[in-house]
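Below is one structure, written out as structure tokens; comments come after it.
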Number of protein chains: 2
Amino acid sequence: MTHLFVTPAGNKLVTVILGDGVGPEVIRSAQRIIAATGAPIEWEEREAGEKVFLDGIHSGVRADTIDSIRKTRVVLKGPLTTPVGYGDNSANVTLRKLFETFGNIRPVRELPGVLTPYSGRGIDLVVVRENVEDLYAGIEYMQTPGVAEALKLISRKGCEKIVRLAFEFARSEGRTTVHCATKANIMKFSEGMLKRAFEDIAPDYPEIKAQLIIVDNCCHQLVRRPEQFSVIVTTNMNGDIMSDLTSGLIGGLGFAPSANIGNEVAIFEAVHGSAPKYAGKDVINPTALIMSATMMLRHLGEFDAALDIEHAVLVTMEAGIRTRDVSGDEGAVGTTAFTDAVIGNLGKRSAKWQVRDYKPLTLYDFSPAPDFVHARERRYVGVDLFIESPLDAETLGRSLEDLSRDAPLRLKLISNRGTRVYTPTGALTDVVDHWRCRFMLTNDGGDMTDAQLIDLVQRVASRHSWMHIEKLPIFDGKPGYTLSQGED
Amino acid sequence: MTHLFVTPAGNKLVTVILGDGVGPEVIRSAQRIIAATGAPIEWEEREAGEKVFLDGIHSGVRADTIDSIRKTRVVLKGPLTTPVGYGDNSANVTLRKLFETFGNIRPVRELPGVLTPYSGRGIDLVVVRENVEDLYAGIEYMQTPGVAEALKLISRKGCEKIVRLAFEFARSEGRTTVHCATKANIMKFSEGMLKRAFEDIAPDYPEIKAQLIIVDNCCHQLVRRPEQFSVIVTTNMNGDIMSDLTSGLIGGLGFAPSANIGNEVAIFEAVHGSAPKYAGKDVINPTALIMSATMMLRHLGEFDAALDIEHAVLVTMEAGIRTRDVSGDEGAVGTTAFTDAVIGNLGKRSAKWQVRDYKPLTLYDFSPAPDFVHARERRYVGVDLFIESPLDAETLGRSLEDLSRDAPLRLKLISNRGTRVYTPTGALTDVVDHWRCRFMLTNDGGDMTDAQLIDLVQRVASRHSWMHIEKLPIFDGKPGYTLSQGED
């Protein structure tokens, strides 16, 4: 907590972004409730989102907003909108990336009076989603006019960071089980990276039960027995799906708080959208943002205020005070009245609905050095050259064999859509014009030079067009490339 | 149906693979029931799975099994096991790939007496999952000792095939809505490929309502209001998660039939495992395999037999005849008794539980040519060179600017973990030693030659090591590469 900005009056300063649509209403609700607790919070209001885009700022985030966050290191944020025609950047993503908030924490719990198919089972779980890497880097290439490629990139450092966060978060909430959900059975390197980091780090948390689970089975189990889960750590894409799935289990995004945690900055927000059609109508349910604000208060060390608010929300809902989205029009209260009720219930405790005994979250320090993992020895044993060709597998294969004859790199196989098609296997593979052609050094134990690789590329390019090269490494004796289905 | 193999006795020949664990029991159950309907089916029993691996056959599939499938074109299959230590190949995947069964059809429906949180809502939906492409090609590379990459490859041809199958399947079952679930908002090229194919093909099915949905929202909706969905078509990885999720909604894998459909071959199977601890104990629930067999019968044109079996299963379950997994030990019947009950109920109809009015499924013909999409004009405007370096962004950037000075390809930006880090943006990105360095032609409108690219690679390689190259194409005026977060 050394980085917090404390004002001369002794208050903790927080950057607040009202956001678009219903954003200002839910933010004001949380601010009023926090003020009523007496927690020493001061706000620095800054802008991001629709208006900023319309002012011609590309990223959707003003420079003085970034400056404020650099100073305060803590943000409470309403939903942001990117207006149509203002590009593909989302101000939400910009903020997350700018401040390396590598972990997205998405708690869901059963709430009083919010009836779902799972009511009564006591769902109380948290998805800890890696928030920076994976397919969300958005690195894509058209390999041919009809074949697209996206790069799924996962680093050991990114995995260690998210795994540590998951275990530390479990510890801070007194949780005793952490599941790691991956598709490591299919993607042994990339998804396997998270699995291995989890296996390596779990022993540092002996009081926590560490369990591996395949992501598809995890989603199956989440709809069958969600109460068996407490913390689930997962990669970015899987986490996107799972956090939306789990928020569905407890009644929807209106009850889904979210924290984006980094070592420098933390951003607290609701995950629901800006819901423009409800904006200014005093009908929106502020619960998700209020609960995000309680996460923020704990991050700021204001545990008592957070506890009071959490209890007050439970007491309010238990008393049947509900917004339109929960109870329908009949007997529903508006945003203001709900907020007033929560404020009125500050200090009260529900007999039935429990709140966890929270402790400060420890953030683990990681070296900023880029080279997080070293190989003691390495060599490159071949190359995958990706070729665009309208030829059939056999004609292409013979041509490549011909071109690489007497070269130090020889054709080993061609695969198409992930299946070996040359030398022929008899598979009925329906091919596309994107061929992954693997060439291996003919001398075992050799180390491919760039000159050898370039020579090969020039030979191949004399007859075929290529668009993509991957070197095949051996790091510390382990192949850094997968075999294709059908490859020996 | 022209490809079916009809025996001299006039029976339709099917390759049957008993499989491992409980496989033989569930297959025998389905075979007995089919025999009792009088459907003209003859079986050719062949082997795959554990025993075949143990016999030293790598793929887990015997040659005479493949020959049989080539002949019959239709397979009924029990669960297969890969013994520990026998490599990473699964015989299931081998079979799917060998016979290009590009579409996995996973229906789930509410069943009598199978109580779930969703009972009474009438869940009746089908996930149509692309079964060949996407991250399941398993093409992975260690880019550096600490950074893994998996390639997500999606073709227009693959997308058109699965979209056509989804619409044709909807038509064959009288379904009137098809959702297409993608993450096209993040992966515009790869996931966007399915979205665009769906938008282009939907008008050919004017009687069917075509709806796009983001995959995370789809999973959210699936746990909140699953009854709103009828057919969902999606890419391989998403479909893996969603089909397991949806089978969870209706009581689990014991009720989840599956068809792997290709233009040449169709494989019908249950998706549950081989459950070795229940093998030979006459306790396993054969419902999933029986329902897979009814899909097979319809595929074979035996609609009356399929209808009889489907009704008989519903009548049996409605009468409270249930296996251990549904009812617990008390009052449960075994596999044989359940099968006998279904046979005894052939010809009966449930008053309450409906069965769809099925029509034959039309399989759309696709050209076998690899070059499915053509660009009228194309050029390459630059290259992404992926470099491994322990340097910081600024030092690396200046070095690359220096190396590419006066070259036709100049450094445009460096990104790390998907965020631009050079020229500096002020982002707090925690970097790894894997740098995506984008070089663009300095002359607008030019077409990069291999000689220019190789010259650049040689310049860069004089000081840095690289492992991956992607050319940046423009196809018909459209950039075939994405901009990085923070790139203009």
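Small disclaimer: the values here were computed from a predicted structure and weren't measured. Protein chains get the first letters and strands the later ones, always in sequence-line order, with residue 1 at the start of each.
Summarising the geometry of A/Leu135 relative to B/Leu135, their closest heavy-atom pair is CD1-CD1, 4.1 Å, with the distance given to 0.1 Å. Nearest heavy-atom pair, A/Glu100 versus B/Asp430, reported as atom, atom and distance to 0.1 Å: OE1-N, 3.1 Å.
In this structure, no portion of B/Met242 lies under 4.5 Å from any heavy atom of chain A. Both the backbone and the side chain of B/Asp240 come within contact range of chain A, with heavy atoms under 4.5 Å apart. With a threshold of 4.5 angstrom between heavy atoms, B/Lys478 does not approach chain A through any atom at all. Using a 4.5 Å cut-off between heavy atoms, A/Glu470 touches chain B through backbone and side chain atoms alike. Residue A/Thr116 does not touch chain B at all, counting heavy-atom pairs closer than 4.5 Å. Neither the backbone nor the side chain of A/Ser59 comes within contact range of chain B, judged by heavy atoms closer than 4.5 Å. Contacts between B/Glu149 and chain A at a heavy-atom distance below 4.5 Å involve backbone atoms as well as side-chain atoms. With a 4.5 Å cut-off on non-hydrogen atoms, B/Met187 touches chain A through its backbone and its side chain both. Only the side chain of B/Phe475 comes within less than 4.5 Å of a heavy atom of chain A; its backbone N, CA, C and O stay farther away.
By the 4.0 Å N-to-carboxylate-O rule, B/Lys152 lies too far from A/Glu140 to be salt-bridged with it. Classification of A/Glu388 and B/Arg378 as a salt-bridged pair holds, one side-chain N sitting under 4.0 Å from a carboxylate O.
Between B/His468 and A/His468, the two ring planes are parallel [angle under 30°; tilted spans 30° to 60°].
One distance of note links CG of B/Asp371 with OG1 of A/Thr144; it measures 9.0 Å at 0.5 Å rounding.
In this model, a donor atom of one side chain and an acceptor atom of the other lie less than 3.5 Å apart for B/Ser247 and A/His220.
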